[in-house]
A.B. asks: 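This is the structure I have questions about; it appears just below.
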Amino acid sequence: MMLDIQSVTVGYGTIPVLREVSIQVKPGQLVAVVGPNGAGKSTLFKTISGVLKPSSGKIRFEGVDIGDIPAAQRPHLGIAHVPEGRQVFPSLTVMENLELGASTEAGRLNWKDNIEKILDWLPRLAERREQMAGTLSGGEQQMLAIGRALLTQPALLVFDEATEGLAPLIRKEIWSTLLQLTGSD
């Protein structure tokens with residue numbers, strides 16, 4: 001099992017948002033967590049990426065209990081999180097944002113090949129490589145956040161609201177790229 005979440009309870013302060021949640025994700029599996037606003041999807045993703053710590057339960061990634069591993073170390077394990085709201089560095093160029101994806105050992109291994117793959121998959125980023133990220137459209141910023149996460153060479157990629165608020169054409173482009181990456185064309 002790549003990701004094994006067992007009976008996790010987590011919340012903000014003393015207020016639990018998720019109670020006794022269990023999920024298993026196998027390698028190569030594409031899993032969707034669906035629910036209305038306020039159901040706890042973002043809380044779950046923040047817990048997987050280490051931003052929130054469960055009050056009970058266990059999270060194992062590739063067989064290792066990661067409950068005490070800080071959020072900053074989880075990308076080095078192979079976990080990438082594309083949070084809601086795009087989260088790019090607006091005062092950096094597209095390329096500088098992408099270079100941050102090479103912060104993991106896996107991301108540095110084949111940097112030149114990987115960046116070319118990302119720019120092939122997301123050609124709008126190639127066109128705008130020297131543009132400041134803050135001047136990109138919402139869809140382009142989302143592509144940039146996805147590209148940066150992919151450059152860490154993750155085993156697990158967690159998206160929160162991957163295409164929320166984007167134009168239908170941009171949504172289609174992003175999902176097409178993601179399906180191509182997972183081999184689910």
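Just so it is clear, the structure is predicted and the values come from calculations on it, not from any experiment.
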A.B. asks: Can you see which heavy atom on Leu98 is nearest to which on Gly147, and at what distance?
C.D. replies: CD2-C, 3.7 Å
A.B. asks: Enter the distance from Ile79:CD1 to Met2:CE here, rounded to the nearest 0.5 Å.
C.D. replies: 9.5 Å
A.B. asks: Would you say Val17 ends up clustered with Val33 if hydrophobic residues are merged whenever their side chains have heavy atoms under 4.5 Å apart, either directly or through other cluster members?
C.D. replies: yes
A.B. asks: Carefully, step by step, assess Gln6 and Gln24 under the rule side chain to side chain contact (heavy atoms under 4.5 Å, CB included).
C.D. replies: CA-CA 8 Å; Gln6 293 297 318; Gln24 294 183 324; 3.7 Å; yes
A.B. asks: Are Val8 and Ser22 side-chain neighbours, meaning at least one heavy-atom pair lies under 4.5 Å?
C.D. replies: no
A.B. asks: Using modelled atom types and a 3.5 Å cut-off, is there a donor and acceptor pairing between side-chain atoms of Glu140 and backbone atoms of Ser137?
C.D. replies: yes
A.B. asks: Supply the atom-to-atom distance Arg74 CZ to Ser49 OG, rounded to the nearest 0.5 angstrom.
C.D. replies: 7.0 Å
A.B. asks: Please tell me if the side chains of Phe45 and Val51 come closer than 4.5 Å, counting only heavy atoms from C-beta onward.
C.D. replies: no
A.B. asks: Nearest 0.5 Å, please: how far is OG in Ser56 from CZ in Arg19?
C.D. replies: 10.5 Å
A.B. asks: For residues Ile115 and Met95, determine if any side-chain heavy atom of one lies less than 4.5 Å from a side-chain heavy atom of the other.
C.D. replies: yes
A.B. asks: Can a salt bridge be assigned to the pair Asp65 and Arg60 using a cut-off of 4.0 Å between side-chain N and carboxylate O?
C.D. replies: no
A.B. asks: Do the side chains of Thr47 and Ile5 get nearer than 4.5 Å, heavy atoms only?
C.D. replies: no
A.B. asks: Quick check against the 3.5 Å criterion: does Lys41 have a side-chain atom that pairs as donor or acceptor with the backbone of Gly35?
C.D. replies: yes
A.B. asks: Are Leu77 and Leu109 grouped together when hydrophobic residues (ILVMFWY) are joined by side-chain heavy atoms under 4.5 angstrom apart?
C.D. replies: no
A.B. asks: What's the shortest heavy-atom distance between Gln141 and Gly134, and which atoms?
C.D. replies: NE2-O, 3.8 Å
A.B. asks: Check whether Glu96 reaches the backbone of Thr93 with its side chain - one donor and one acceptor, N or O, closer than 3.5 Å.
C.D. replies: yes
A.B. asks: Donor-acceptor pair, Arg108 side chain versus Ser103 backbone, under 3.5 Å?
C.D. replies: yes
A.B. asks: For a quick test of reading the model, state the closest non-hydrogen atom pair linking Leu144 to Val88 and the distance between them.
C.D. replies: CD2-CG1, 3.9 Å
A.B. asks: Report whether Leu156 and Val21 are members of the same hydrophobic cluster (ILVMFWY, side-chain heavy atoms less than 4.5 Å apart, transitive linking).
C.D. replies: yes
A.B. asks: Calculate, to the nearest 0.5 Å, the distance between atoms NZ and OG belonging to Lys58 and Ser7 respectively.
C.D. replies: 11.5 Å
A.B. asks: Thinking salt bridges, do Lys53 and Asp68 make one under a 4.0 Å N-O criterion?
C.D. replies: yes
A.B. asks: Donor-acceptor pair, Thr104 side chain versus Thr152 backbone, under 3.5 Å?
C.D. replies: yes
A.B. asks: Just do the side-chain hydrogen bond (donor to acceptor under 3.5 Å, both in side chains) check on Asn114 and Glu116 with the steps written out, would you?
C.D. replies: CA-CA 5 Å; Asn114 292 337; Glu116 290 308 316; over 6 Å; no
A.B. asks: Would you name the heavy atoms of Met1 and Asp4 that are closest together and state the gap between them?
C.D. replies: CG-CB, 4.1 Å
A.B. asks: Taking side chain as C-beta onward, heavy atoms only, is Ile48 less than 4.5 Å from His81?
C.D. replies: no
A.B. asks: Which value, rounded to the nearest 0.5 Å, describes the distance between Arg129 atom CZ and Arg124 atom CZ?
C.D. replies: 16.0 Å
A.B. asks: For Ala102 and Trp111, work out which heavy atoms get closest and say how close.
C.D. replies: CB-CE3, 3.6 Å
A.B. asks: Assess whether side chain to side chain contact (heavy atoms under 4.5 Å, CB included) is satisfied between Gln87 and Val82, documenting all intermediate values.
C.D. replies: CA-CA 8 Å; Gln87 305 293 323; Val82 180; over 6 Å; no
A.B. asks: Are any side-chain N or O atoms of Thr9 and backbone N or O atoms of Glu20, one a donor and one an acceptor, separated by less than 3.5 Å?
C.D. replies: yes
A.B. asks: Find out if a path of hydrophobic residues (ILVMFWY) with successive side-chain heavy-atom gaps under 4.5 Å connects Leu150 to Phe61.
C.D. replies: no
A.B. asks: Hey, what do you get for CG (Leu92) to CD (Gln131), rounding to the nearest 0.5 Å?
C.D. replies: 13.5 Å
A.B. asks: Restricting to non-hydrogen atoms, name the atom on Phe89 and the atom on Ala133 that form the minimum distance, rounded to 0.1 Å.
C.D. replies: O-CB, 3.4 Å
A.B. asks: Please determine whether residues Ile23 and Val158 belong to a single hydrophobic cluster, defined as Ile, Leu, Val, Met, Phe, Trp and Tyr linked transitively by side-chain heavy-atom distances below 4.5 Å.
C.D. replies: yes
A.B. asks: Ignoring hydrogens and geometry, is there a side-chain-to-backbone donor-acceptor pair from Gln29 to Lys26 under 3.5 Å?
C.D. replies: yes
